[in-house]
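Residue numbers start from 1 in every chain, and the chains themselves are labelled A, B, ... in the order their sequence lines are given, proteins ahead of strands.
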There are 2 protein chains.
Amino acid sequence: MSSDKLSKRVTLHDVAQHAGVSYQTVSRVINDDPHVSKSTRQRVLQAINALDYRPNYAARSLVTRRSNLLEIISFGATHYGPSQMVTHIERAARRLGYNLILSHITDMTTQEINSAVNRLSGRLVEGIILITPVIGVSYEEILGITRGIPFVMIDTPLGSNAPGVVINQHYGGELATQHLIALGHRHICEISGPLNWFGAIARHESWLSTLRVAGLEPGKSAAGDWTAVGGYQATQQLLTEDRTFTGLIVGNDQMALGAMRALREAGLRVPEDVSVVGFDDIPEAICFEPPLTTVRQDFDALGAQSVEYLVDRINRPEQPAQQRVLYPTLVMRQSTRAVP
Amino acid sequence: MSSDKLSKRVTLHDVAQHAGVSYQTVSRVINDDPHVSKSTRQRVLQAINALDYRPNYAARSLVTRRSNLLEIISFGATHYGPSQMVTHIERAARRLGYNLILSHITDMTTQEINSAVNRLSGRLVEGIILITPVIGVSYEEILGITRGIPFVMIDTPLGSNAPGVVINQHYGGELATQHLIALGHRHICEISGPLNWFGAIARHESWLSTLRVAGLEPGKSAAGDWTAVGGYQATQQLLTEDRTFTGLIVGNDQMALGAMRALREAGLRVPEDVSVVGFDDIPEAICFEPPLTTVRQDFDALGAQSVEYLVDRINRPEQPAQQRVLYPTLVMRQSTRAVP
DNA sequence: GTGAAGCATGTGAACGTTCACAAGAAAACG
DNA sequence: CGTTTTCTTGTGAACGTTCACATGCTTCAC
C-alpha cells in the first residue's frame, strides 16, 4: 500500500538503503540464503514490504541463465483434448514454480515447430512441452530443432523412443472393441479419426487386431475429422456401403454425436439396432441421445504428469528418455447393449 | 547448421568479431536501424547466420524495460468460450510481436488476481488481458492491483467503464426471445447460466424485458451450471413447476443438450411441443437431436480484438478507456418452430 | 591466549544488451 | 577548396541482478 512512483522501479539498492544493509544482503534474503541473521532478515523483509519491491526477472535471468519459463507448443488446441491439457499443464507448471508461454501451431511441419522454438530460444526457455498428435515431424527432427533444451512430447506413438507421456490408445481401442464383442456383436464397423493422427491410427489398428484375434472379420471403416459434422458425413458414407453392422466404434465423442444422428436419419435406432462406442468422455457425452458409452481419457493427469516429467528432465538431463504411459477406462452408458 | 557448442552462448560480441565490426553495429542490424551501410549489414547478417546467433531477451529487456510479453488471466478456461478465446488471443498476440504467458485462476477473488499479477510483475509484463466473466472483483480493484500496467477486460458487463471488449449479451438475449415470439410462442421459460456470471445475468434480464415489452408474462426460470448435466437437472426441476410452456431459452448449448434430453424424457418433443434456443453455437450444435437453433458468439473476433485493443492501450496509454462491443447473431436450425 | 574455524556481511566484476554520445569519412554546398 | 552536413561506425556507461571472493567478527578448542 505504498505510494510508489511509477517513474522509477524499486531495486535491490533502494531496499538495501532503506534497511541499512548492502544490496547483497537483500539478495540473500530474497533467495533464502541461510547466512543472514534473524534480525537483519526481519529488517530487510520489512523494507521490501514498505517499498513494494519486486525482483527484476530480466536482470536475474541474465546472470543465472535461468528463466523459470516453460513453453508449450500445441497443435489442434481447438480440440477438446489439447485445450484441456493446456489448462492442466499451466496449473502443474505454476505449482512447480514455472510460468508458461503459449505457442500454437496450425501446421505440423518442421518449419512451424522450428519457428516456435526459435521465437523463444532467446528467452532462455528451460523446457518445452510439445503436443504433437499427428504425423509430420519425427523425434530426431525435434531433437535437432530444440538444440539441447529439455522437452517432453505428448501424444506420440506408443513405443516411440522420444521422452513423453502418452495414453495407451491401443488399450483404449481394445477396450471398446472387446466391449462390443462381449455384448455379442459380430459385425463391427468403425468411424476413425483422421489417419495422420497417431491416436486415430492406434485406435484403428487395435480395432482391426482385436477383431482378428477374436476370429471376427472387421467391418467397413470410414474416416472423419474429429468434428460432429465430420462424423455425420463419414457415417452416411459408411451406410451407403453397409447397413448390416450392429456395432460401431467412433474415434471420439463429437463424431459419435454426428454418427448417431446419421444412423437415426437412416432409420437405425441406437442402441436397439446399432451399439455405438466413443472415445474421450467429454462432459456432454452423458447427455447424448442416448447417453454415450465411451472410453475415458484422463487429460488432466496427462497434463500434470507431462510437466512433472519435464521438470525432472530439466533437473536431471543425463537420465535416459522414457515414455510414461497412462491407461484409459471404459465408461458404460446406454448407447451399447447386447445383441438379442 | 553450425556446430555450436552448448557450453557457450553466442553473443553480440562473437558476431561482431566474426563480421569484423563493433558490437554496436551488430545491434543496429538486429534492430533494423537504417544507419548501416548495405555491405556491412550483409556481412553481419551472414555472421549471424553462420554462428546461429539469437539475441538474449533478458539482457535486452533489462535495458529497454520492455519484455514483449503479455499475460492472460483467465477464469473458467475449461469452458468452451474462454478456451476458444485463449487460442485466438495467442494467435493475435504473436501476429503483433508479443508472447503470451498463461495464468488460470480458479476463484474470482481479489486475492487470486493479485497473486497472478504479482507473480509476473517482475517479468515486466507489458499488458494484461483479463477474462473475468463473473461477479467478484470490481474494475476499481483491478485498477489498484495492476498498478499502471495496461489491461483489457473481456466479458465485463455492458456499459462498464472498464477498458474492454464484450459481446452484447442483451442483444443476444433479445434475439433469442424475439425469435420465439415471432414464431408465435406466448409462454416462454428459461434455463439460465449461474447468475453470478455477467453473461448469464444479461441474458436472463433481456429475456424478462423482451417479454414484458411484448406484453407477455415471463415463464419460470431455473439456473444451471453451464454443463449438459446441469442443464438437464435444471430442466427437470423446471418441469416439476410448469409443463405448459412452448418455448425454452437456454443459457448455452451444452445446457441445451441436457435440457432437450430432460424434455424428451418427460415426453415432450422438440420442436413439436417445445421450441429450444441455445447460446454460443458450439461446433456440435448442428448435430444435436434436433439441430439446435442458437445465438452465435464470435469468440475468435473477441480474442483478436482484445489483443489489438490492448496493444493500442500500451502504445497510447493516455487514451481514455472504452468498451468495444461485438454483436451475436441468430443461427436458425430445427429446434424451433412456429406454434401451430 | 592464540590459532583455526565458522558465520554475517560487504565489494568488485560479470551477465548481454541498448542508449547517448563521439569520431571519422564521405558528400554537399558556397 | 574550405566548411558544413550527412552518413556510418565505434566507445563507455548503464540496466538490476548473482557469483566469487574478501573482510571482520564471533566462537571454539587446545
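- For the pair B:I135/B:M108, no side-chain contact is recorded, criterion being any heavy-atom separation below 4.5 Å from C-beta on.
- B:T11 has no side-chain polar atom (N or O) that falls below the 4.0 Å cut-off from OP1 or OP2 of C:dG16.
- The shortest distance between the side-chain N/O atoms of B:T25 and the OP1/OP2 oxygens of D:dG10 is below 4.0 Å.
- Under the 30°/60° scheme for interplanar angles, the aromatic rings of B:F75 and B:W197 are found to be tilted.
- Considering all non-hydrogen atoms of both residues, A:S103 and B:E90 come closest at CA-OE2, 3.5 Å.
- OP1 or OP2 of C:dT17 lies within a sub-4.0 Å distance of a side-chain N or O belonging to B:Y53.
- Heavy-atom nearest nucleotides on DNA chain D were determined for A:S27 and for B:G20, and the one closer to the 5' end corresponds to B:G20.
- When rounded to the nearest whole Å, the span between CD of A:Q17 and P of D:dG16 equals 14 Å.
- Rounded to whole Å, atom C1' of D:dG16 lies 6 Å from atom CG of A:N56.
- For the pair A:H13 NE2 and D:dT17 C1', the interatomic distance rounds to 9 Å; values are reported in whole Å.
- Residue A:Y23 is in base contact, counting any heavy-atom pair closer than 4.0 Å across all strands shown.
- Atom pair B:N68:CG and C:dT18:P shows a separation of 12 Å (rounding to whole Å applied).
- Toward the 5' end of DNA chain D, the nearer of the two residues A:N31 and B:R43, judged by each one's closest nucleotide, is B:R43.
- Here A:H35 reaches the OP1 or OP2 of C:dA8: one of its side-chain N or O atoms lies under 4.0 Å away.
- Distance from the side chain of A:V63 is smallest for D:dT18 among the nucleotides D:dT11, D:dT18, C:dG16.
- Summarising the geometry, the separation between CZ on A:R9 and P on D:dC15 is reported as 14 Å, rounded to the nearest angstrom.
- When each of B:R60 and A:A59 is assigned the nucleotide of DNA chain C bearing its nearest heavy atom, the one mapping closer to the 5' terminus is A:A59.
- For B:Q323 (side chain) and B:G159 (main-chain N/O), a donor-acceptor pair under 3.5 Å exists by modelled atom type.
- Between A:L51 atom CG and D:dG16 atom C1' there is a gap of 15 Å when expressed in whole angstrom units.
- Ranking C:dG16, C:dG10, D:dT11 by closeness to the B:Q24 side chain, first place goes to D:dT11.
- In this structure, B:S61 does not reach the C:dT17 phosphate: none of its side-chain N or O atoms is under 4.0 Å from OP1 or OP2.
- Between B:R28 atom CZ and C:dA22 atom C1' the separation is 12 Å, expressed in whole Å.
- In this structure, B:R123 places its CZ atom 17 Å from P of D:dG16, rounding to the nearest Å.
- Between the side chain of B:R65 and the base of D:dG16, no donor-acceptor pair under 3.5 Å is found.
- B:T40 comes within contact range of the sugar-phosphate backbone alone, with a heavy-atom separation under 4.0 Å but no base atom that close.
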Check step by step if salt bridge (Lys or Arg N to Asp or Glu O under 4.0 Å) holds for B:R147 and A:D52.
CA-CA 11 Å; B:R147 290 161 184 275; A:D52 193 33; 3.1 Å; yes

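- Between B:Y80 and B:F299, the ring-plane angle classifies as perpendicular under the 30° and 60° cut-offs.
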